[in-house]
Undergrad: 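Got a structure for you, questions after.
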Amino acid sequence: MPEVRGQDSGTAGADPFPTPPAAPASGTTDALDELLLGGPRTLSARDLAHRTGLDLDTVRDFWRTLGLPSLGDDEVMFTERDARALAMAQELVVVHGLALSTVVTVIRALGHTSDRLALWQVEALVEDMATRYELDDTSARLLVLDRLRDLAPLLEQQLLHSYRRQLAAVADRYAAEFGHLRDVAVDGTMLPLARAVGFADMVSFTRRTAGLGSTDLSLFVQRFETAARDVVVNAGGRVVKTIGDAVLFIADSPGAGAAIAIGLADAFGASLDVEAARGAGGLAEGARGVTPVRVGLVWGRVLSRFGDVFGPSVNLAARLTDVAEPSTVLVDAGTAQVLSGDPRFLLTPQPARDLAGVGEVLPYRLESAAR
């Protein structure tokens with residue numbers, strides 16, 4: 001990493017902007033267009049259609065699928081880079097033979113993910129500027145607008161690196177799981193993927209966050225998400241999504257799923273040293289105490305689509321979470337049977353429960369044998 005020198009001291013690592021620069025000059029958005037969009041907006045939707053040989057409906061659909069507003073067909077709002085992107089999307093159908101519906105799904109995934117990513121990162125920058133320079137929210141946003149010209153290229157390279165690493169990780173998992181099945185008949189009636197699916201749901205989220213200001217609420221949720229992701233990833237699983245006070249995770253083996261579930265219950269309450277966590281600015285929030293979670297885990301088959309997972313086992317895991325005690329893990333009888341031969345875990349039958357949308361289930365409490 002190249003050395004960073006402060007403007008005044010000349011020492012490495014110093015803040016190159018010790019005081020906030022002046023408010024953004026006029027024309028900032030034009031400069032950002034040049035940087036982010038590759039040049040000025042000189043083309044309309046009608047121009048794109050003529051350039052690519054596509055009809056106007058297809059051009060409109062592409063833009064809408066990206067999740068961006070589409071104005072009139074003759075409104076000049078596109079750049080040469082937009083024309084190239086549309087042409088490359090067309091190649092997926094013409095050259096590579098993908099179905100149009102598949103291309104729409106791929107483009108929609110890009111639009112949905114990049115929309116959330118851009119907003120997430122910019123809001124993080126706003127929070128940083130507001131805290132570092134003691135600015136009000138509006139001034140911090142204007143400062144971020146000015147700084148984007150310098151930060152955007154770095155963020156873009158990090159995005160490209162992360163995407164390539166994630167794509168390589170998916171390829172590695174597919175090769176390990178399915179590489180030996182090229183000539184094996186597969187039952188097409190079953191959901192395709194055998195996965196451990198788990199939910200961890202924060203207890204009393206509304207009460208614990210009542211009265212928190214925007215900064216404290218942001219930090220509270222961020223700490224929860226960060227700590228949960230660390231537990232999941234370190235145990236070999238993947239976070240499917242977080243929903244404020246809950247996290248949905250998957251793992252490729254029952255044992256990995258069980259280790260994650262127990263790790264989450266343990267990290268969020270079961271063995272948390274409240275005083276130490278409070279002193280370190282951790283999950284203990286003063287009088288609010290620790291942040292325990294209820295965890296449900298099921299080993300079953302799922303369908304993976306749209307960056308999410310679907311199937312009866314997903315619903316069952318969520319319902320088990322509803323009836324679990326704080327800082328404990330519940331599994332269903334089928335999952336308990338799969339895990340019963342693993343000496344790392346203890347399974348204790350619980351009273352039968354009638355779960356909404358599922359029916360009567362005999363849950364088992366899952367614990368670590370090392371306790």
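Just so it is clear, the values below take in all heavy atoms, side chains as well, and ignore hydrogens, waters and symmetry mates.
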Undergrad: Indicate yes or no: at least one non-hydrogen side-chain atom of Pro326 is less than 4.5 angstrom from one of Val293.
TA: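 No - every pair of side-chain heavy atoms lies 4.5 Å or more apart.
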
Undergrad: Among residues at least two apart in sequence or on other chains, which ones pass side-chain contact (heavy atoms from CB on, under 4.5 Å) with Ala169?
TA: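 Scan of Ala169 (side-chain contact (heavy atoms from CB on, under 4.5 Å), adjacent residues dropped) gives Arg173.
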
Undergrad: Keeping the roles fixed (side chain from Asp342, backbone from Phe345), state whether a donor-acceptor pair exists under 3.5 Å.
TA: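 Judged by distance alone, no pair lies under 3.5 Å.
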
Undergrad: Does any non-hydrogen side-chain atom of Leu32 lie less than 4.5 Å from one of Leu145?
TA: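 They are in side-chain contact.
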
Undergrad: How many angstroms lie between atom OG1 of Thr102 and atom CG of Leu92, to the nearest 0.5 angstrom?
TA: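 Thr102 OG1 to Leu92 CG: 10.0 Å, rounded to 0.5 Å.
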
Undergrad: For Phe205, check ring-ring contact (aromatic ring centres under 6.0 Å, His included) against everything at least two apart and list the hits.
TA: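 Phe205: no ring-ring contact (aromatic ring centres under 6.0 Å, His included) contacts found.
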
Undergrad: Honestly curious: do Val122 and Tyr133 fall in one hydrophobic cluster under the side-chain, below-4.5 Å linking rule?
TA: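 Yes; tracing contacts between hydrophobic side chains, which count when under 4.5 Å, links both residues.
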
Undergrad: Do Glu156 and Leu160 come within less than 4.5 Å of each other through their side chains, counting heavy atoms only?
TA: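 Heavy-atom side-chain distance check fails, nothing below 4.5 Å.
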
Undergrad: Is the backbone N or O of Leu110 less than 3.5 Å from a side-chain atom of Thr113, with the two atoms forming a donor-acceptor pair by type?
TA: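 No, the answer is negative, given that no donor and acceptor are paired below the 3.5 Å cut-off.
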
Undergrad: Taking side chain as C-beta onward, heavy atoms only, is Asp74 less than 4.5 Å from Arg46?
TA: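 In short, these two side chains touch, coming nearer than 4.5 Å.
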
Undergrad: Atom CG in Leu264, atom CG in Asp266: separation rounded to 0.5 Å?
TA: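 Taking CG in Leu264 and CG in Asp266, the distance rounds to 9.5 Å.
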
Undergrad: Do you know which two heavy atoms are closest between Pro363 and Ala352, and how far apart they sit?
TA: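 What the structure gives for the nearest pair is CD-CA, 4.2 Å.
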
Undergrad: Can you hop from Tyr364 to Val295 via hydrophobic side chains spaced under 4.5 Å?
TA: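 They do share one cluster, since a chain of ILVMFWY contacts under 4.5 Å joins Tyr364 to Val295.
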
Undergrad: Are Leu330 and Phe199 joined in one hydrophobic group, where the rule is that I, L, V, M, F, W and Y side chains link up if heavy atoms are under 4.5 Å apart?
TA: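 No, no single cluster joins them.
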
Undergrad: Could you check if a side-chain atom of Thr131 sits within less than 4.5 angstrom of a side-chain atom of Asp128, using non-hydrogen atoms only?
TA: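 SC-SC contact between Thr131 and Asp128 ruled out.
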
Undergrad: Determine whether Trp63 and Asp82 make a side-chain contact, defined as any pair of heavy atoms from C-beta on separated by less than 4.5 Å.
TA: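 Yes, side chains in contact.
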
Undergrad: Checking the side chain of Thr79 only, and the main-chain atoms of Leu37 only, is there a donor and an acceptor separated by less than 3.5 Å?
TA: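 A pair under 3.5 Å: yes.
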
Undergrad: Strictly distance-based, threshold 3.5 Å: is any side-chain N or O of Gln350 a donor or acceptor partner for the main-chain N or O of Thr348?
TA: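 Yes, Gln350 side chain to Thr348 backbone: donor-acceptor pair under 3.5 Å.
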
Undergrad: Check the pair Arg344, Glu367 against salt bridge (charged side-chain N to carboxylate O under 4.0 Å, His left out), reporting the backbone distance first and the verdict last.
TA: CA-CA 9 Å; Arg344 295 175 295 170; Glu367 299 174 278; over 6 Å; no

Undergrad: Transitively linked via ILVMFWY side-chain contacts under 4.5 Å: Val338 with Leu347?
TA: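 Result: no, two separate clusters.
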
Undergrad: List the steps, then state whether salt bridge (charged side-chain N to carboxylate O under 4.0 Å, His left out) holds for Arg84 with Glu91.
TA: CA-CA 11 Å; Arg84 290 196 297 274; Glu91 283 184 19; over 6 Å; no

Undergrad: Would you tell me whether Glu75 and Ser44 have side-chain atoms, one donor and one acceptor, within less than 3.5 Å of each other?
TA: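 No donor-acceptor contact under 3.5 Å links the two side chains.
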
Undergrad: Tell me whether Thr335 contacts the main-chain N or O of Val331 through its side chain, where contact means a donor paired with an acceptor under 3.5 Å.
TA: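 Not at all, since once roles are kept as given, no pair shorter than 3.5 Å links the two residues.
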
Undergrad: What are the two closest heavy atoms between Ala196 and Pro254, and how far apart are they?
TA: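 What the structure gives for the nearest pair is CB-CA, 4.5 Å.
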
Undergrad: Measuring from Asp201:CG to Leu248:CG, what's the distance to the nearest 0.5 Å?
TA: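 These two atoms lie 11.5 Å from each other.
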
Undergrad: Considering non-hydrogen atoms only, spot the tightest contact between Gly255 and Leu339 and give its length.
TA: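 Taking every non-hydrogen atom into account, N-CD2, 4.1 Å.
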
Undergrad: Mind checking what makes salt bridge (charged side-chain N to carboxylate O under 4.0 Å, His left out) contact with Arg294, not counting sequence neighbours?
TA: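 With sequence neighbours excluded, Arg294 shows a salt bridge (charged side-chain N to carboxylate O under 4.0 Å, His left out) to no residue whatsoever.
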
Undergrad: What do the steps show when you test Glu123 against Arg141 for salt bridge (charged side-chain N to carboxylate O under 4.0 Å, His left out), and what is the final call?
TA: CA-CA 8 Å; Glu123 292 292 353; Arg141 292 178 189 278; 3.1 Å; yes

Undergrad: Taking all non-hydrogen atoms of both residues into account, name the closest pair between Ala235 and Ile260 and its distance.
TA: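 Smallest interatomic distance, heavy atoms only, reads CB-CG1, 3.4 Å.
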
Undergrad: Between Leu193 and Ser304, what is the shortest heavy-atom contact and its length?
TA: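 Smallest heavy-atom distance, with atoms named: CD1-CB, 3.7 Å.
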
Undergrad: With a 4.5 Å limit on heavy-atom distance, are the side chains of Phe249 and Arg238 in contact?
TA: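 A side-chain contact under 4.5 Å is absent here.
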
Undergrad: So, applying side chain to side chain contact (heavy atoms under 4.5 Å, CB included) with Leu316, which one of Asp332, Thr321, Val197 is it?
TA: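 When side chain to side chain contact (heavy atoms under 4.5 Å, CB included) is applied between Leu316 and each of Asp332, Thr321, Val197, only Asp332 qualifies.
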
Undergrad: Begin with the C-alpha distance, continue with both residues' side-chain angles, and end with the deciding distance and a verdict on side chain to side chain contact (heavy atoms under 4.5 Å, CB included) for Thr242 and Arg229.
TA: CA-CA 9 Å; Thr242 56; Arg229 284 181 181 274; 4.2 Å; yes

Undergrad: Between CZ of Arg41 and CE of Met77, what distance do you get to the nearest 0.5 Å?
TA: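 If I round to the nearest 0.5 Å, the distance is 7.0 Å.
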
Undergrad: May I ask whether Leu143 and Val126 are part of the same hydrophobic cluster, defined by side-chain heavy atoms of I, L, V, M, F, W, Y residues being less than 4.5 angstrom apart, directly or through others?
TA: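 Cluster IDs for Leu143 and Val126 match.
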
Undergrad: Side chains of Val302 and Ser313, heavy atoms from C-beta outward: is any pair under 4.5 Å?
TA: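 Yes, at least one pair of side-chain atoms sits under 4.5 Å.
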
Undergrad: Closest heavy-atom contact between Leu43 and Ala83?
TA: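 Nearest heavy atoms, Leu43 then Ala83: CD1-CB, 4.2 Å.
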
Undergrad: Which one of Asp150, Asp146, Val144 satisfies the side chain to side chain contact (heavy atoms under 4.5 Å, CB included) criterion with Leu148?
TA: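 With Leu148 as partner, Asp150, Asp146, Val144 yield a single side chain to side chain contact (heavy atoms under 4.5 Å, CB included), made by Val144.
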
Undergrad: Out of curiosity, Thr52 OG1 to Asp47 CG, how far, rounded to the nearest 0.5 Å?
TA: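 Separation between the atoms: 10.5 Å.
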
Undergrad: Count the heavy atoms belonging to other residues, nucleotides or ligands that lie under 6.0 Å from CZ of Arg116, then report whether that count exceeds 12.
TA: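 No, the 6.0 Å shell around CZ holds no more than 12 heavy atoms from other groups.
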
Undergrad: Is it the case that the side chain of Thr226 and the backbone of Gln222 share a donor-acceptor pair, with hydrogens and angles ignored and the cut-off at 3.5 Å?
TA: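 Between the backbone of Gln222 and the side chain of Thr226 there is a qualifying donor-acceptor contact (under 3.5 Å).
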
Undergrad: Step by step, work out the side chain to side chain contact (heavy atoms under 4.5 Å, CB included) result for Leu117 and Leu159.
TA: CA-CA 9 Å; Leu117 175 63; Leu159 169 61; 3.5 Å; yes

Undergrad: Could you grab the distance from atom CZ of Arg81 to atom CG of Leu36, nearest 0.5 Å is fine?
TA: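 Between atom CZ of Arg81 and atom CG of Leu36 there are 8.0 Å.
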
Undergrad: Taking Thr58 for its side chain and Leu54 for its backbone only, find out whether a donor-acceptor pair lies under 3.5 Å.
TA: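 Absent.
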
